[in-house]
Amino acid sequence: MSCKIDYQPASNLLENRVVLVTGAGDGIGRAAALTYARHGATVILLGRTIAKLERVYDEIEAEGGPQPAIFPLNFEGATLKDFHDMAETLDKEFGRLDGLLHNAGLLGRITPFEQYNPELWEQVMQVNINGPIWMTQALLPLLQQSADASVVFTSSSVGRKGRAYWGAYSVSKFATEGFVEVLADELENQSTVRVNTLNPGATRTQMRRTAYPGEDPLTLRTPEEIMPTYLWLMGPDSTGVSGHKFDAQPPRA
């Protein structure tokens, strides 16, 4: 579906909402965490590097946002027990979850499939799809406690049309799209939880620099510039919209 790049959110759009952001230490995750906090959300910062999460925490506090929380977790080694322990902790601390942005991701390698390392393939699938799926399962009871919960999975253009050499990353994003269709269909008429995918598009991030080393980053939108769609999907204006594919910016010419 079309992006909401012109969306004008109310300043208190996410007031009294508890939103968890994975990969919150830098790039798009950092921008989303800061943006959600600026619009009133209590943000749970999840990532693998505590120092990065602490910097984002300090930025939110310095801006006067609701006190955030830090939850260190590395999807590569996370187990089902880790996800359920996390859900138990969040239940005790907050009692519900109003939003979940699955933003953490691993690129792997841009290489012909015949040369792809199987261990790296499994690592990418664990971080990009298996971990987020089982985290979502563990957190569903908390999401069900919200009157209006939104789950957003980060997708990619290579998860909607396959592209040579993108290997595990592309396949993981196809799996993401399929999983969201399945979950949204299950939850329809059964739950107030909505779930959608969001393709950020070409954005000025470290992952993009790794994938396109020859590209001029100044030709790309910054993470902050694509936040309108992230806000629309996480706030009440998208209530009832589930099982759809969104783009955070128009396709590049």
Side-chain angles (χ1 to χ4, degrees), residues 9 13-14 17-78 82-83 85-87 89-90 93-94 96-107 126-129 131-136 138-139 142-143 146 149-156 176 195-200 203-210 221-235 248:
L13 180 78
L14 302 177
R17 292 187 179 229
V18 180
V19 178
L20 190 155
V21 177
T22 76
D26 54 24
I28 292 172
R30 171 185 169 276
L34 289 166
T35 300
Y36 291 158
R38 287 169 188 149
H39 288 80
T42 296
V43 182
I44 302 163
L45 307 167
L46 186 143
R48 63 183 180 179
T49 308
I50 294 176
K52 289 183 178 181
L53 299 177
E54 288 176 339
R55 283 196 289 271
V56 179
Y57 182 104
D58 290 343
E59 286 184 82
I60 291 173
E61 290 249 293
E63 292 183 0
Q67 184 179 19
I70 288 178
F71 204 100
L73 187 134
N74 186 344
F75 276 112
E76 288 180 33
D82 292 327
F83 297 135
D85 287 348
M86 177 180 70
T89 299
L90 297 182
E93 187 71 24
F94 301 104
R96 73 178 194 285
L97 194 59
D98 302 295
L100 172 57
L101 172 61
H102 282 295
N103 168 76
L106 189 63
L107 178 64
Q126 169 64 22
V127 172
N128 291 2
I129 184 65
I133 280 176
W134 298 122
M135 174 185 282
T136 301
L139 294 176
L142 277 176
L143 291 159
S146 170
S150 175
V151 181
V152 179
F153 280 81
T154 299
S155 187
S156 169
T176 296
V195 53
N196 296 283
T197 64
L198 178 56
N199 167 27
T203 309
R204 204 181 304 171
T205 63
Q206 181 57 53
M207 183 183 287
R208 180 76 185 188
R209 283 192 293 274
T210 302
R221 283 186 167 92
T222 65
E224 290 74 19
E225 289 175 313
I226 65 170
M227 283 298 113
T229 310
Y230 283 79
L231 281 167
W232 183 80
L233 278 171
M234 200 56 71

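For reference, positions follow the sequence shown, starting with 1.
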Let me confirm one number: the [atom1]-[atom2] distance from [X] to [Y], rounded to the nearest 0.5 Å.
X: T35; Y: Y230; atom1: OG1; atom2: OH; value: 10.5 Å
X: D82; Y: M135; atom1: CG; atom2: CE; value: 9.5 Å
X: I133; Y: N128; atom1: CD1; atom2: CG; value: 11.0 Å
X: F153; Y: L100; atom1: CZ; atom2: CG; value: 6.5 Å
X: N196; Y: M234; atom1: CG; atom2: CE; value: 10.0 Å
X: I44; Y: M86; atom1: CD1; atom2: CE; value: 8.5 Å

Legend entry - R96 atom CZ, over 12 foreign heavy atoms within 6.0 Å: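 More than 12 heavy atoms, drawn from other residues, nucleotides or ligands, come within 6.0 Å of this atom.
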
Inset, instruction - Please confirm whether the backbone N or O of L233 pairs with a side-chain atom of S150, one donor and one acceptor, at under 3.5 Å? - result: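 Between the backbone of L233 and the side chain of S150 there is a qualifying donor-acceptor contact (under 3.5 Å).
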
Legend entry - Check: N103 side chain, T22 main-chain N or O, donor-acceptor pair, under 3.5 Å: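 Side chain of N103 to backbone of T22, a donor-acceptor pair under 3.5 Å: yes, one is there.
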
Inset, instruction - Decide whether H102 and T136 meet the rule of one side-chain donor and one side-chain acceptor closer than 3.5 Å. - result: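 Short answer, yes.
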
On a heavy-atom basis, which atom in [X] and which in [Y] lie closest, and how many Å separate them?
X: V18; Y: L97; answer: O-CD1, 3.7 Å
X: P132; Y: F75; answer: N-CE2, 3.8 Å
X: I28; Y: P200; answer: CD1-CB, 3.6 Å
X: S146; Y: D98; answer: OG-OD1, 2.7 Å
X: A33; Y: V56; answer: CB-CG1, 4.2 Å
X: H39; Y: P9; answer: NE2-CG, 3.6 Å

Inset, instruction - Would you check if L231 and L14 make a side-chain contact, meaning some heavy-atom pair closer than 4.5 Å? - result: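 The answer is yes; the side chains approach within 4.5 Å.
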
Inset, instruction - Flag the pair I60 / L34 as yes when at least one side-chain heavy-atom distance between them is below 4.5 Å, and no otherwise. - result: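 Yes; the side chains approach each other to less than 4.5 Å.
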
Inset, instruction - Please name all residues satisfying side-chain hydrogen bond (donor to acceptor under 3.5 Å, both in side chains) with Q206, sequence neighbours left out, ordered by chain then number. - result: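 Residues passing side-chain hydrogen bond (donor to acceptor under 3.5 Å, both in side chains) with Q206: R209, T210.
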
Without placing hydrogens or testing angles, list every side-chain donor-acceptor pair under 3.5 Å for residues 65-74, not counting sequence neighbours.
| residue | atom | partner | partner atom | Å |
| --- | --- | --- | --- | --- |
| Q67 | NE2 | Y57 | OH | 3.0 |
| N74 | OD1 | E76 | N | 3.0 |

